[in-house]
**Q** 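To start, I am sharing the structure in question, which I have written as structure tokens.
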Amino acid sequence: EPEVTQTPSHQVTQMGQEVILRCVPISNHLYFYWYRQILGQKVEFLVSFYNNEISEKSEIFDDQFSVERPDGSNFTLKIRSTKLEDSAMYFCASSDYRDQPQHFGDGTRLSIL
Amino acid sequence: AQSVTQLDSQVPVFEEAPVELRCNYSSSVSVYLFWYVQYPNQGLQLLLKYLSGSTLVKGINGFEAEFNKSQTSFHLRKPSVHISDTAEYFCAVSEVGGTNAGKSTFGDGTTLTVKP
């Protein structure tokens, strides 16, 4: 079965640095998502992306966050100036249509020092 | 807006005993429902999903769940658990249509601990 893949599996970054998390969604999917899970807490929606633009974003997704689909396969989440509280597991997901179930990647654990 | 409530934060159970993890949801439109399992330091693995049709859905690892529309519930069950089932379990809902379509909302999670 096709999978969503995320790289790296673990990213360690100094506070204030920029970080880019990468995702390769399932190839025929059109809708892409990022979620965040702070250690010990629930999974939270960050942003959805379709047709090269953001379709919805949560309150968490402030100006330090951005998403991009730089080519036909990758979907990235950039955090411009990382803060300690950005430490979390970040999950990418994709679906073929807006209403269809999302397929999740294994996540990237982001640790901010 | 949609919401999910997992009624038990922790469920301890002995090996080979049955278990039920409870989930209730709230939504003004039709929904898809999911259960995910997360093992320590790993990602989310889909256990099962309800999209339409039969209200009893079977998933991987011997788990099943029943969609009850009148009670807005989607409880997860397994007749006999193993030590290896120890993990965090998340219930999630995604609206069909409406302004929240395409966004999954997760519950707080239930920690299942299976003891020998």
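Owing to the predicted nature of the structure, the values given are computational and were not obtained by experimental measurement.
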**Q** Could you state whether Val37(B) and Phe74(B) fall into the same hydrophobic cluster, counting links through intermediate Ile, Leu, Val, Met, Phe, Trp or Tyr residues with side-chain heavy atoms under 4.5 angstrom apart?
**A** yes
**Q** Tell me, please, whether Phe45(A) has Lys103(B) positioned over its six-membered ring: NZ or CZ under 6.0 Å from the ring centre and within 45 degrees of its axis?
**A** yes
**Q** Verify whether the ring centers belonging to Tyr97(A) and Tyr32(B) lie closer than 6.0 Å.
**A** no
**Q** Under 4.5 Å heavy-atom distance to chain B, tell me which part of Phe91(A) shows up: side chain, backbone, both or neither.
**A** side chain
**Q** Given that the side chain runs from C-beta out, which part of Tyr35(A) has a heavy atom under 4.5 Å from chain B: side chain, backbone, both or neither?
**A** side chain
**Q** Decide if atom CG of Asn51(A) counts as having more than 12 heavy atoms of other residues, nucleotides or ligands within a radius under 6.0 Å.
**A** yes
**Q** Check whether Ile60(A) and Val47(A) end up in the same hydrophobic cluster, where Ile, Leu, Val, Met, Phe, Trp and Tyr are linked by side-chain heavy atoms less than 4.5 Å apart.
**A** yes
**Q** Are Gln6(B) and Lys42(A) close enough that some pair of their side-chain heavy atoms sits under 4.5 Å apart?
**A** no
**Q** For a quick test of reading the model, state the closest non-hydrogen atom pair linking Gln102(A) to Tyr36(B) and the distance between them.
**A** O-OH, 3.7 Å
**Q** Applying a strict under-4.5 Å side-chain criterion to I, L, V, M, F, W and Y, I'd like to know whether Leu39(A) and Ile112(A) cluster together.
**A** no
**Q** Taking 4.5 Å as the heavy-atom cut-off, does anything in residues 107-116 of chain B contact chain A, and if so which residues?
**A** Gly107(B), Asp108(B)
**Q** Would you mind telling me which of Met89(A), Gln6(A), Gln37(A), Gln41(A) has the largest number of heavy-atom pairs within less than 4.5 Å of chain B?
**A** Gln37(A)
**Q** Would a hydrophobic clustering, with Ile, Leu, Val, Met, Phe, Trp and Tyr connected at side-chain separations under 4.5 Å, put Val57(B) with Tyr89(B)?
**A** yes
**Q** Let me confirm one number: the CD-OG distance from Glu44(A) to Ser104(B), rounded to the nearest 0.5 Å.
**A** 13.5 Å
**Q** For the atom pair CZ (Phe104(A)) and CG (Leu46(B)), what is the distance rounded to the nearest 0.5 Å?
**A** 9.0 Å
**Q** If two hydrophobic side chains count as joined below 4.5 Å and joins carry through other members, does Leu76(B) share a cluster with Tyr39(B)?
**A** yes
**Q** Take atom CD of Glu85(A) as the centre, draw a 6.0 Å sphere, and report whether it contains more than 12 heavy atoms from other residues, nucleotides or ligands.
**A** yes
